[in-house]
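See structure below.
Letters A, B, ... are given to chains in the order of the sequence lines, protein chains preceding strands, and every chain is numbered from 1.
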Number of protein chains: 2
Amino acid sequence: MNIESMLNKIRKQLHEASYKLTPQREATVLVLLENEKDHLSAEEIYMLVKQKSPEIGLATVYRTLEMLTDLKVVDKLSFNDGLARYDLRKEGAKHFHHHLLCLECGSIEEVEEDLLLDVEEIVEQRYLFLVKDHRLTFHGVCNACQQKLKNNQNAQ
Amino acid sequence: MNIESMLNKIRKQLHEASYKLTPQREATVLVLLENEKDHLSAEEIYMLVKQKSPEIGLATVYRTLEMLTDLKVVDKLSFNDGLARYDLRKEGAKHFHHHLLCLECGSIEEVEEDLLLDVEEIVEQRYLFLVKDHRLTFHGVCNACQQKLKNNQNAQ
DNA sequence: GATTAATTTGTAATCATTATAAATTAATTA
DNA sequence: TAATTAATTTATAATGATTACAAATTAATC
Ligand SMILES: [Mn+2]
Ligand SMILES: [Mn+2]
Ligand SMILES: [Zn+2]
Ligand SMILES: [Zn+2]
C-alpha cells in the first residue's frame, strides 16, 4: 500500500474522531509513513518534519504524536534508552508487532507475525485476564553481530 | 527463601564484581526485597530507604539501582508512565517474568511461568537471532475490573 | 598514622516532556 | 461579508526524572 492511500486512511480516522488533518499534522504523519521501519523519538521526528515545514513547533509534534497514539495509529514505546519512541502500526495489524533488540549494536529488527496467540490463550484462561494488546521485545544478539563475534574469536 | 539469605546471596554477587555492600546499598536492597511484588520507581525506593537510613541521598539510590541493574539483580523497566521502575529478579529465574497491565485500574500482575520457550525457539531459527532475555507485557483488563464493568452494565 | 581509593552527599545541570499564554487559522453566525 | 467563536499552533516557561560534579566522608592500603 502506498503512502498516499495510507495518508488518506489516517485522514479518515482523524475525521471520524473529529480531528482535522492540519498541514502540521499531515507533515508529521508523512514523516512517520516515510520512516515506517524506524523507531523515531519525538525530537527526531521534529527534525525531519522541520525539513518539510520549517515553521512547525516541537510542542505541536508532541501533541500530534499523543493524538496519534490515542487513535492507535502509532504505538509509543520505550527501549529503556530514556526517551519515548513512536512506531506506526502495521497496515491492518490487530496486534502490535514484536521487536528484536541487539545488545551488541543496538539495532532493532521487527517481527510482524504474531507469535503470541497460544500464550494469550493461556493468559486469558489461567489468569482470567482479558488481553487487548501486548508488548514483546527480545534482547539478544543479531545475526550480523553473531558473525562478527565468531570472526573475532577465530582471529585471536 | 527468606530475606536474610537473599541478602547474603546479593552480597556475594556484589563482592564477586568487587563492589562492597555498604550500609546505604544494604538499605536499598532490603527495601527491594521487602517489596519484591511491587514495581517501585527510584523516588519511591528513596522514600522507603529514608525510613531506615534518613541520611541517604537520592543520588546514591540512583547509583545503587544502576549497579544492581548491571549485575542483573534487578530489572529496569518502563510501563510508559514516564519513569523507570525497578523489579527484583525472581530467585533463580533464568528469564524475566511477564506482566499483565490493567488498562482500567493500572494494576500490574506478575506471570512467573515462562510462556515464551516455543516462541524463542521460532525467533532463533527463523530470524537467526540469539535470544538472551525478553520483556513481555500484556495490556488488557484484570479480572476485578472485568467484574466491575459487568456490574455497571447490568446496573444501567 | 599517613596516604590513597572508593563511596556518599547535596546540589547544580541536563534532558525529555508538559503547561501556558498569546497569536494564528478555521468554522460558525449574524 | 464581517464579526464572533472555537480550534490549533507557536514560542517559551515550567516541571519532573535523571545525571554530573565537587566537596566531604569512609574504607583500604601502605
Ligand atoms: Mn517496530
Ligand atoms: Mn514484575
Ligand atoms: Zn547487532
Ligand atoms: Zn484492573
Side-chain angles (χ1 to χ4, degrees), chain A residues 10-11 13-31 39-71 73-87, chain B residues 10-11 13-32 38-71 73-87:
Chain A
I10 292 172
R11 191 196 317 272
Q13 279 185 267
L14 294 214
H15 284 162
E16 275 163 25
S18 57
Y19 290 111
K20 287 166 260 183
L21 189 63
T22 64
Q24 292 88 341
R25 288 171 182 171
E26 178 168 331
T28 305
V29 169
L30 270 176
V31 162
H39 302 88
L40 302 172
S41 67
E43 189 77 33
E44 287 167 347
I45 292 166
Y46 172 58
M47 289 308 184
L48 290 168
V49 175
K50 277 200 107 158
Q51 295 174 12
K52 290 181 206 297
S53 317
E55 76 293 350
I56 201 171
L58 178 57
T60 302
V61 171
Y62 268 102
R63 249 178 297 105
T64 302
L65 289 170
E66 193 189 3
M67 187 188 74
L68 294 173
T69 303
D70 288 345
L71 295 176
V73 171
V74 302
D75 279 294
K76 182 179 180 181
L77 52 98
S78 153
F79 291 108
N80 280 342
D81 56 355
L83 40 70
R85 298 191 169 272
Y86 297 85
D87 203 354
Chain B
I10 292 172
R11 189 196 319 270
Q13 280 185 267
L14 294 214
H15 283 163
E16 275 163 25
S18 56
Y19 290 112
K20 288 166 258 182
L21 188 63
T22 64
Q24 291 89 339
R25 287 172 182 171
E26 178 168 330
T28 305
V29 169
L30 269 176
V31 163
L32 290 168
D38 281 323
H39 303 88
L40 301 172
S41 66
E43 190 76 33
E44 288 167 346
I45 293 166
Y46 172 58
M47 288 309 184
L48 290 168
V49 176
K50 276 200 108 156
Q51 295 175 10
K52 290 180 206 297
S53 317
E55 75 294 350
I56 201 172
L58 178 58
T60 302
V61 171
Y62 268 103
R63 249 178 298 105
T64 301
L65 289 170
E66 192 190 4
M67 187 187 73
L68 293 173
T69 303
D70 289 345
L71 295 176
V73 171
V74 302
D75 280 294
K76 182 179 179 181
L77 50 98
S78 152
F79 291 107
N80 280 343
D81 57 355
L83 40 69
R85 298 190 169 274
Y86 297 86
D87 204 355

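- Counting only heavy atoms from C-beta outward, the side chains of E66(A) and T69(A) never approach each other to under 4.5 Å.
- A 4.5 Å side-chain heavy-atom check between L58(B) and E43(B) finds at least one atom pair inside the cut-off.
- Annotation: side chain of L68(B) is not in contact with side chain of Y86(B) (no heavy-atom distance under 4.5 Å).
- Per the geometry, CD belonging to E44(B) stands 14 Å off C1' belonging to dG16(D), to the nearest Å.
- Within residues 50-65 of chain A, the residues that have a heavy atom under 4.0 Å from DNA chain D are, in order of number, E55(A), I56(A), G57(A), A59(A), T60(A), R63(A).
- Distance L14(B) CG to dA6(C) C1': 14 Å, rounded to the nearest Å.
- Counting heavy atoms from C-beta on, the side chains of I56(B) and T28(B) come closer than 4.5 Å.
- Computed from coordinates, the M67(A) CE to dT8(D) P distance equals 9 Å when rounded to whole Å.
- Between the P atom of dT9(D) and the CD atom of E66(A) lies a distance of 13 Å, rounded to the nearest Å.
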(message) One pair to check against side chain to side chain contact (heavy atoms under 4.5 Å, CB included): V31(A) and K52(A). What are the steps and the verdict?
(response) CA-CA 9 Å; V31(A) 162; K52(A) 290 181 206 297; 3.7 Å; yes

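- Nucleotide dG16(D) holds its C1' atom 13 Å from the CG atom of D81(B), rounded to whole Å.
- Residues K20(B) and L14(B) have side chains not in contact (no heavy-atom distance under 4.5 Å, counting atoms from C-beta outward).
- Counting heavy atoms from C-beta on, the side chains of L65(B) and L32(B) come closer than 4.5 Å.
- Between the OH atom of Y46(A) and the P atom of dT18(C) there is a distance of 16 Å, rounded to whole Å.
- With rounding to the nearest 0.5 Å, the separation of CZ in R63(B) from CZ in R25(B) is 8.0 Å.
- Here dA27(D) presents its P atom at 13 Å from NE2 of H15(B), a figure rounded to the nearest Å.
- Residue L40(B) contributes atom CG, which lies 14 Å from atom P of dA17(D) at whole-angstrom precision.
- Between K20(B) and K76(B), the residue anchored closer to the 5' end of DNA chain D is K76(B), taking for each the nucleotide with the nearest heavy atom.
- DNA chain D is contacted by T22(A), Q24(A), R25(A) of residues 21-30 of chain A, taking any non-hydrogen atom closer than 4.0 Å.
- Between R85(B) and L83(B) there is a side-chain heavy-atom pair separated by less than 4.5 Å.
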